Protein chains: 2
Amino acid sequence: MFTIDMQSRIPVFEQIVIQTEEFIRAGILNPGDKLPSVRELTAMIGVNPNTISKAYGELERRGLTVSVTGKGCFIAKNISDVLKTAAEKKIPEFEKLAKELIDSGITKDELIRRVNSLVSQ
Amino acid sequence: MFTIDMQSRIPVFEQIVIQTEEFIRAGILNPGDKLPSVRELTAMIGVNPNTISKAYGELERRGLTVSVTGKGCFIAKNISDVLKTAAEKKIPEFEKLAKELIDSGITKDELIRRVNSLVSQ
DNA sequence: AAACTGTACTATCTGTCATAGTACAGTTAT
DNA sequence: ATAACTGTACTATGACAGATAGTACAGTTT
């Protein structure tokens, strides 16, 4: 499930957060679904329990999951709203990247063609 | 000219690299132009000379500048080609971000509209 | 009661970033 | 030539984030 690159400059706990988000967007993880327990993920990935705990704490802080001591870590019920809101905050980043590419010699048409070619689920 | 945020999680030397790139794309810095000397930038920004040197080394490594001991650090002559090549390598990143937004509930049309609204120089 | 859940805490190690200080090789202007 | 400038290299040091190790605790499930 999770693929961690220990050589990456992106912290392990952040890689877990990012990949969890991706699984949600891909429909692999759905509202109410239970994530692996801290100790399970520890065994699966081969990192320290504290690192997993840090990732789960960050996921909850972002509203993507709800953690309950004794039960587990679950995908939030209102996950689609949370994703939408988070995505809207990323639009400036999208525009900045698009402008960077355009200013570097890539045409608008090329970018638009790329967007249209994307396969949405 | 340069605006450094010491609180940012982005290293200072990388902020210098990023902003130099932006100045080039904006037409503020052009091929052959001389960047401030290491010691000038040290005084302007208020950081260690080693930090500036590290930024200049990275800029040269990326082909954006050419440093000559005794003369200075200059914007590369073939800068537009370098920018174009670098931009092409970033297209997958652009597509990934676009797909993320689409999968989060933002429409393709909205993204395309945003791209079309960008003011290119 | 046993086995599980998430969480909290201290201590320690590591790597990256930035600083401080010094030094050296090459260029420019006087 | 000489002084003042250029980029670069090097060691040493401190600060910080990330990850680990170990232990402990509160709540849930069977």
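Side-chain atoms are counted along with the backbone in the values below, which use heavy atoms only and exclude waters and symmetry mates. These figures come from a predicted structure and were not determined experimentally. Naming convention: chains lettered A, B, ... in sequence-line order (proteins, then strands); numbering from 1 in each chain.
In this structure, the nucleotide among C/dG6, D/dA19, D/dT29 sitting nearest to the side chain of A/Lys71 is D/dT29.
Between B/Lys96 and A/Glu22 there is a salt bridge, since a side-chain N of the basic residue sits under 4.0 Å from a carboxylate O of the acidic one. By the 4.0 Å N-to-carboxylate-O rule, B/Arg114 lies close enough to B/Glu110 to be salt-bridged with it.
Residue B/Ser53 has no polar side-chain atom (N or O) positioned under 4.0 Å from OP1 or OP2 of D/dG7. For the OP1/OP2 pair of D/dT8 and a distance below 4.0 Å, the side-chain nitrogens and oxygens of B/Ser67 include at least one atom meeting the criterion. The side chain of A/Thr51 places an N or O atom within less than 4.0 Å of a non-bridging phosphate oxygen (OP1 or OP2) of D/dT20. Taking 4.0 angstrom as the limit, A/Ser37 places none of its side-chain polar atoms (N or O) nearer than this to OP1 or OP2 of C/dC4.
One can place CE of A/Met6 at 14 Å from P of C/dT14, the figure rounded to the nearest angstrom. Put simply, NZ on A/Lys54 is 18 Å from P on C/dG6, counting in whole angstrom units. We find that CG of A/Asn48 is positioned 16 Å from P of C/dC9, with the value rounded to whole Å. Straight-line distance from the CZ atom of B/Arg39 to the P atom of C/dT22: 14 Å, rounded to whole Å. The CD-C1' distance, from A/Glu60 to C/dG6, rounds to 9 Å in whole Å. When rounded to the nearest whole Å, the span between CG of A/Asn50 and P of C/dT10 equals 13 Å. When rounded to the nearest whole Å, the span between NZ of B/Lys34 and C1' of C/dT28 equals 11 Å. In this structure, the CD atom of A/Glu14 is 14 Å from the C1' atom of D/dA19, given to the nearest Å.
Within the model, atoms CD1 of A/Ile10 and CD1 of A/Ile18 stand 5.0 Å from one another, a figure rounded to the nearest 0.5 Å.
B/Gln15 comes within 4.0 angstrom of nothing in the nucleic acid, heavy atoms only.
Connection of A/Phe2 to A/Ile52 is established within a shared hydrophobic cluster, with ILVMFWY side chains joined at heavy-atom distances below 4.5 Å, either directly or through further cluster members.
Residues meeting the salt bridge (charged side-chain N to carboxylate O under 4.0 Å, His left out) test with A/Arg61, sequence neighbours left out: A/Glu58.
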